[in-house]
2 protein chains.
Amino acid sequence: MRESDSALNPEEYMPLREVVFLTLRSQILRGELKPGERLMEISLANRLGVSRTPIREAIRKLEHEGLVVMIPRRGAHVAEITQQELKDVLEIRKSLEILAVTKICRCITDREIGELEKAEEIFARQVMKKDSDPAALGEADEQFHEMIYNATHNRRMIQILNNLREQMYRFRMEYLKDKEVRMKIVEEHEAILNAIRRRDEQEAVRLEQEHIDNQYRSIMKSLEERCAGRTGYEQSE
Amino acid sequence: MRESDSALNPEEYMPLREVVFLTLRSQILRGELKPGERLMEISLANRLGVSRTPIREAIRKLEHEGLVVMIPRRGAHVAEITQQELKDVLEIRKSLEILAVTKICRCITDREIGELEKAEEIFARQVMKKDSDPAALGEADEQFHEMIYNATHNRRMIQILNNLREQMYRFRMEYLKDKEVRMKIVEEHEAILNAIRRRDEQEAVRLEQEHIDNQYRSIMKSLEERCAGRTGYEQSE
DNA sequence: TTATAATGTATTGTATACAAAGTCAGCCGG
DNA sequence: CCGGCTGACTTTGTATACAATACATTATAA
């Protein structure tokens with residue numbers, strides 16, 4: 001049964017709960033499991049070929065990530081996300097990313113700048129590709145930001161920021177489709193990178209702020225478009 | 001077996017995992033379970049009179065809270081916390097509490113200010129009491145800050161800030177013993193409250209910043225005192 | 001005496017069984 | 001025709017059994 005796992009871990013040991021967790025998480029973020037959809041233990045267990053135990057433990061983790069909501073004795077369902085919550089998340093992210101960028105300008109090493117440049121380059125190349133997979137694009141974007149987070153050397157900040165970004169992955173696919181948006185992101189990344197390279201705190205902060213504000217607008221726009229067709233994200237419960 | 005639970009929930013239903021989670025969490029924060037101590041499922045299950053299943057699920061939650069560290073196939077142990085991590089946590093808290101205070105100055109209602117005053121008064125009275133229980137004192141302090149968080153109406157921020165504060169509860173008991181420190185905290189709370197009342201953003205932010213910086217110093221002082229006697233918090237793993 | 005191998009025990013990882021509660025459809029009475 | 005009740009079915013909550021791994025101890029050989 002260990003052999004039939006969706007090929008995820010080539011070498012090292014990973015508990016089933018972790019595999020299940022990553023699988024479900026990915027499915028939620030990719031929209032394969034839709035907001036509000038019920039997560040039933042037995043059917044998940046059958047589908048993934050494991051018993052209920054690892055499923056339950058994975059759900060506990062998803063619950064804490066905020067991707068799943070539990071109602072006692074009534075089971076788990078994929079968390080809905082309201083516009084207000086999105087706004088809340090971005091408000092916090094703005095504050096923390098500013099902190100990160102400020103910190104980085106003071107203490108980033110040349111080696112780390114090199115890595116950042118590399119990540120940015122990969123992202124830019126992905127954008128330029130004609131028919132780039134939105135998932136790959138998203139991952140490249142993720143990499144760039146993760147590099148910034150890592151350079152702070154504040155593990156908890158890294159963890160919190162990753163979690164906050166994660167909340168938005170479900171929408172990223174949508175607005176990353178727009179060619180103009182993607183180009184703009186590349187520009188912004190480069191500008192931020194430049195400011196960091198020059199250790200220009202003020203400018204880096206300003207740009208980062210703008211970057212988040214733009215992201216907010218992009219998401220809201222794509223949300224409105226989606227809502228125009230069909231509602232489903234505007235009420236919390 | 002449900003009846004023998006450490007009387008926690010008088011009325012509403014709560015899954016065992018939640019009871020176990022709260023119990024263990026409290027024991028970690030109070031220092032009854034010491035950093036580095038192993039958490040063995042069977043002995044915990046026996047001690048709390050439940051089976052391993054709810055214990056395991058509670059541990060998953062503690063793991064995500066950062067109070068417990070898991071090593072696959074080798075079990076869970078209470079998280080150590082290094083000086084660096086404490087610094088990291090406070091760095092984030094400073095940034096977010098500043099955001100909270102700023103936000104509050106703009107949108108707090110008179111009613112909420114009233115509640116904040118009440119919470120502050122309760123805390124001040126606790127401090128003045130001759131032999132006040134440090135736990136009660138800590139809780140009153142917690143209440144005051146939670147009021148501030150709540151006034152932001154940003155649920156995720158409330159959750160994150162509570163979690164970050166939680167990380168420090170293990171040390172709070174120590175430094176709250178010092179009468180001078182406690183008096184100073186009351187003063188600072190009142191000053192912050194006043195600034196908020198006047199909607200003076202700049203001043204409120206400045207005071208909040210100072211409040212956190214002082215907290216940092218207090219904790220570091222009490223940590224150094226502790227380390228002078230016996231080491232145990234300075235290495236990460 | 002020391003290093004290494006073997007073996008037994010303790011502990012976690014996973015699966016399954018049983019209990020309790022919730023949901024829903026169909027039936028009966030008003 | 002509508003509303004409440006009953007009972008089967010679903011689903012979660014909890015306990016336990018079994019498997020696999022890691023750790024410690026002891027014995028054996030160099």
- [ ] Go through D:dT12, C:dT14, D:dT14 for me and flag the one nearest to the A:T53 side chain.
- [x] C:dT14
Task: Nearest-angstrom distance from the residue atom CD1 of A:I71 to C1' of C:dT23 - done: 14 Å
TODO: Could you say whether A:P72 or B:M70 is positioned toward the 5' end of DNA chain C, judged by the nucleotide with the nearest heavy atom to each?
DONE: B:M70
Open item on the list: Is there a side-chain contact between B:R74 and the phosphate of C:dT12, meaning an N or O under 4.0 Å from OP1 or OP2?
Closed with: no
- [ ] Using whole Å, report how far CD of B:E18 lies from C1' of D:dG13.
- [x] 13 Å
TODO: Specify the residues of residues 56-63 of chain B, ordered by number, for which at least one heavy atom lies under 4.0 angstrom from an atom of DNA chain D.
DONE: none
TODO: Would you mind reading off the distance between B:I42 atom CD1 and D:dA17 atom P, rounded to a whole angstrom?
DONE: 12 Å
Open item on the list: Base, sugar-phosphate or nothing for B:L44? Non-hydrogen atoms, less than 4.0 Å.
Closed with: nothing
Atom pairs and distances, side-chain donor-acceptor, residues 133-144 of chain A, under 3.5 Å, sequence neighbours left out:
residue, atom, partner, partner atom, Å
A:D133, OD1, A:A135, N, 3.2
A:D141, OD1, A:H189, NE2, 3.4
A:D141, OD2, A:R165, NH2, 3.3

- [ ] Consider the side chain of A:P54, meaning its heavy atoms from C-beta on, and name the nucleotide among C:dT12, D:dA15, C:dT14 that approaches it most closely.
- [x] C:dT14
Task: Nucleotide D:dT11, atom P - distance to CZ of A:R38 in whole Å - done: 6 Å
Open item on the list: On the nucleotide D:dA15, are OP1 or OP2 found under 4.0 Å from the side-chain N or O atoms that B:S51 carries?
Closed with: yes
Task: Qualifying residue for side-chain contact (heavy atoms from CB on, under 4.5 Å) with A:I55, from A:L16, A:L39, A:V50 - done: A:V50
Open item on the list: What's the closest nucleotide to the side chain of B:M40 if the choices are C:dC18, C:dT12, C:dT14?
Closed with: C:dT12
Task: Option passing side-chain contact (heavy atoms from CB on, under 4.5 Å) with A:L164 (candidates A:E91, A:E97, A:R93) - done: A:R93
TODO: Take the protein atom NE2 of A:H77 and the nucleotide atom P of D:dT11, then report the distance between them rounded to whole Å.
DONE: 16 Å
Task: Any donor-acceptor N/O pair, B:D88 side chain to A:N154 backbone, under 3.5 Å - done: no
TODO: Output the single nucleotide from C:dA21, D:dA15, C:dT23 whose closest atom is nearest the side chain of A:R73.
DONE: C:dA21
Task: Residue from A:R17, A:K61, A:R56 passing salt bridge (Lys or Arg N to Asp or Glu O under 4.0 Å) with B:E57 - done: A:R56
Task: Spacing between A:Y13 atom OH and D:dA20 atom C1', to the nearest angstrom - done: 9 Å
Open item on the list: Is it the case that D:dG13 (base atoms only) and A:R52 (side chain only) share a donor and an acceptor within less than 3.5 Å, ignoring hydrogens and angles?
Closed with: yes
Open item on the list: Heavy-atom count check: over 12 atoms from other residues, nucleotides or ligands less than 6.0 Å from B:R47 CZ?
Closed with: yes
Task: Length of the CG-P vector between A:L48 and C:dT14, whole Å - done: 13 Å
Task: Short side-chain to backbone donor-acceptor contact, A:T102 and A:I98, under 3.5 Å - done: yes
- [ ] For B:I55 and D:dT14, give me the distance from atom CD1 to atom P, rounded to whole Å.
- [x] 11 Å
